[in-house]
Asks: 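Have a look at this one before I ask anything.
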Number of protein chains: 2
Amino acid sequence: MTNYSSYPQFFVSVDCVIFGFQDNTLKVLTHQRPYDPGRGELSLIGGFVHRDESLEDAANRILKEFTGLDNVYMRQLAAFGEVERDPGERVISIVYYVLINYGDYDEELTKQHNANWINVDELPQLCFDHNKMVEKARKELGEDIKDTPVAGKLLPRYFTLTQLQTLFESIQGQQIDKRNFRRAILEKNYLSATDMIDKQMSRRGATLYEFTNN
Amino acid sequence: MTNYSSYPQFFVSVDCVIFGFQDNTLKVLTHQRPYDPGRGELSLIGGFVHRDESLEDAANRILKEFTGLDNVYMRQLAAFGEVERDPGERVISIVYYVLINYGDYDEELTKQHNANWINVDELPQLCFDHNKMVEKARKELGEDIKDTPVAGKLLPRYFTLTQLQTLFESIQGQQIDKRNFRRAILEKNYLSATDMIDKQMSRRGATLYEFTNN
DNA sequence: TCAAAAGTGTTAAGTTTACACCCATGA
DNA sequence: TCATGGGTGTAAACTTAACACTTTTGA
């Protein structure tokens, strides 16, 4: 028979680095921690893992609870397990990074949770080791966006190439040449042009694209 | 006051995918699981996290216990947390991949633990989700070796370029052109030639190299 | 003297970067 | 008609890939 009972057990939480893109800026969803320790400090969206759910299920449940969203793109980033990372009790946290289309989340829910989007480049101090989590997630996202079509997860279904380029620029933190960007991204064949034109940004109007095999 | 006490707690283990390179083959250290569930099945080297140690400390402790080695190169790979991954109890496992020089480990210790090196390409079924762990670790190692000097961790201090190339080939699973390989690896400037010659493999002898800033 | 592994350069193909002007439109 | 963002091609630099012969030496 199994007998692990001489070993210690731990609280296990899931923290989500939820990225959104708005006003040409990469943002992270945070909220004010509603309980001690660290009550009132800024925190990533997280919660404890339940007995009957996998880590990924937990992340999905928490995400749904805070944003109303289902079926969201997420990837596990790392486990954070320093002994004193949570000054209250020993908690081991599994971190996911999550990409959502800014337009999709349920504003009522985020309000209820005191959740707010903060520019990634202007993050204040977050509780515990959450700043490290964001930093790591951002680095990872910067890699992933280069060779997988994840950028689409941060945009509405239809978008212009200029929007997409701005997204890349804000994730990578550097300017990109317009012609080179367009050639490169179109060559990858994840995009298809629609016959719609977006006139929000220019008199001339820009072709709207969408990701195929999203 | 902190009060997490309404949340469940979990056993947390660390599993190590320990890679070694011998006979021109990439190998993984496994052992026979000494307790139920899965007693006698092949398992990665692992153990439970203790209360007062970080995840990385746990990995180091376990590594020392099985191989006698300290200060070993390791990186966290992922957390595995499916509800039923361990058929005995719910256990969340944090996986590290570890690179050691095959010549360095303590053979007495590995014997005591029934540990054995197995060719990565011929792994039989391991217990639980351990095959997945190895697969993921191998993929990761394949990436890391391309742009960081981690290959050195799998080799003795002094080695020939042919040995190094064979190591790359066995990690990447494909042949590499000798001239291109040598040029590329030397350009990276992690290696320095010694004035020693290795005559094990050829009459002529091959220059021994070492990694700088190991 | 020969078998076996070590060592060594060049060319072509492909990829990445840098760079500047015309287009279409609504106000 | 003009201001604004949309759209387009080419050449140079660099990187990667393909390829074959000579060297050294111990048996």
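Keep in mind that the numbers below use all heavy atoms, side chains included, and drop hydrogens, waters and symmetry copies. A note on names: the letters A, B, ... follow the listed sequences, proteins ahead of strands, and every chain is numbered from 1. Note that the structure is predicted; figures quoted are calculated from it, not measured.
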Asks: Any protein N or O atoms within reach of nucleotides 13-17 of chain C? Criterion: under 3.5 Å, listing atom names and distances.
Replies:
none

Asks: How many Å lie between CZ on A/Phe181 and C1' on C/dC19, as a whole number?
Replies: 18 Å
Asks: I need the CZ-C1' distance between B/Arg182 and C/dG9, as an integer number of Å.
Replies: 14 Å
Asks: As a test of understanding, state which of B/Asp15, B/Asp129, B/Asp86 forms a side-chain hydrogen bond (donor to acceptor under 3.5 Å, both in side chains) with B/Ser93.
Replies: B/Asp15
Asks: Taking N or O atoms only and anything under 3.5 Å, show me the protein contacts with nucleotides 23-27 of chain D, one pair per line.
Replies:
residue: D/dT23; atom: O2; partner: B/Arg204; partner atom: NH1; Å: 2.3
residue: D/dG26; atom: OP1; partner: B/Lys199; partner atom: NZ; Å: 3.4
residue: D/dG26; atom: N2; partner: B/Arg203; partner atom: NE; Å: 3.3
residue: D/dG26; atom: N3; partner: B/Arg203; partner atom: NE; Å: 3.2

Asks: According to a strict under-4.0 Å criterion, is B/Thr207 in side-chain N/O contact with OP1 or OP2 of C/dG7?
Replies: yes
Asks: Tell me if the CG atom of A/Asn71 is crowded by more than 12 foreign heavy atoms within 6.0 Å.
Replies: no
Asks: I'd like a table of donor-acceptor pairs (distance under 3.5 Å, sequence neighbours excluded) in which one partner is a side-chain atom from residues 169-177 of chain A, with atom names and distances.
Replies:
residue: A/Glu169; atom: OE2; partner: A/Gln165; partner atom: NE2; Å: 3.1
residue: A/Glu169; atom: OE2; partner: A/Ile176; partner atom: N; Å: 2.9
residue: A/Ser170; atom: OG; partner: A/Thr166; partner atom: O; Å: 3.4
residue: A/Ser170; atom: OG; partner: A/Leu167; partner atom: O; Å: 3.1
residue: A/Asp177; atom: OD2; partner: A/Arg179; partner atom: N; Å: 3.1
residue: A/Asp177; atom: OD2; partner: A/Asn180; partner atom: N; Å: 2.8

Asks: If a pair satisfies side-chain hydrogen bond (donor to acceptor under 3.5 Å, both in side chains) and one of its residues is in residues 189-211 of chain A, list it, with sequence neighbours excluded.
Replies: A/Arg157-A/Glu210
Asks: Using whole Å, what does the distance between atom P of nucleotide C/dG7 and atom OH of B/Tyr209 come to?
Replies: 6 Å
Asks: To the nearest Å, give me how far apart CG (B/Leu164) and P (C/dG7) are.
Replies: 12 Å
Asks: Between A/Thr162 and D/dG5, is there a side-chain N or O to OP1/OP2 distance below 4.0 Å?
Replies: no
Asks: Give a yes or no on whether a salt bridge exists between A/Arg90 and A/Glu84, defined as a side-chain N under 4.0 angstrom from a carboxylate O.
Replies: no
Asks: Which whole-number value in Å describes the distance from A/Gln165 CD to D/dT8 P?
Replies: 14 Å
Asks: Under 3.5 Å, which donor-acceptor pairs do the side chains of residues 113-124 of chain B form with other protein atoms, sequence neighbours left out?
Replies:
residue: B/His113; atom: ND1; partner: B/Leu109; partner atom: O; Å: 3.0
residue: B/Trp117; atom: NE1; partner: B/Tyr105; partner atom: OH; Å: 3.4
residue: B/Asn119; atom: OD1; partner: B/Asp121; partner atom: N; Å: 2.8
residue: B/Asp121; atom: OD1; partner: B/Arg138; partner atom: NH1; Å: 2.7

Asks: Is any side-chain nitrogen or oxygen of A/Arg179 closer than 4.0 Å to OP1 or OP2 of D/dG7?
Replies: no
Asks: In whole angstrom, what separates B/Leu208's CG from C/dA6's P?
Replies: 11 Å
Asks: In whole Å, what is the span from the CG atom of B/Asp177 to the P atom of C/dA12?
Replies: 17 Å
Asks: Listed by chain and number, what are the salt bridge (charged side-chain N to carboxylate O under 4.0 Å, His left out) partners of A/Arg183, not counting sequence neighbours?
Replies: none
Asks: Does the B/Thr25 side chain pair with the main chain of B/Asp23, one donor and one acceptor, at a distance under 3.5 Å?
Replies: yes
Asks: Rounded to whole Å, please give me the gap between NZ in B/Lys178 and P in D/dA18.
Replies: 17 Å
Asks: Report, as yes or no, whether the 6.0 Å neighbourhood of atom CE on A/Met201 holds more than 12 heavy atoms from other residues, nucleotides or ligands.
Replies: no
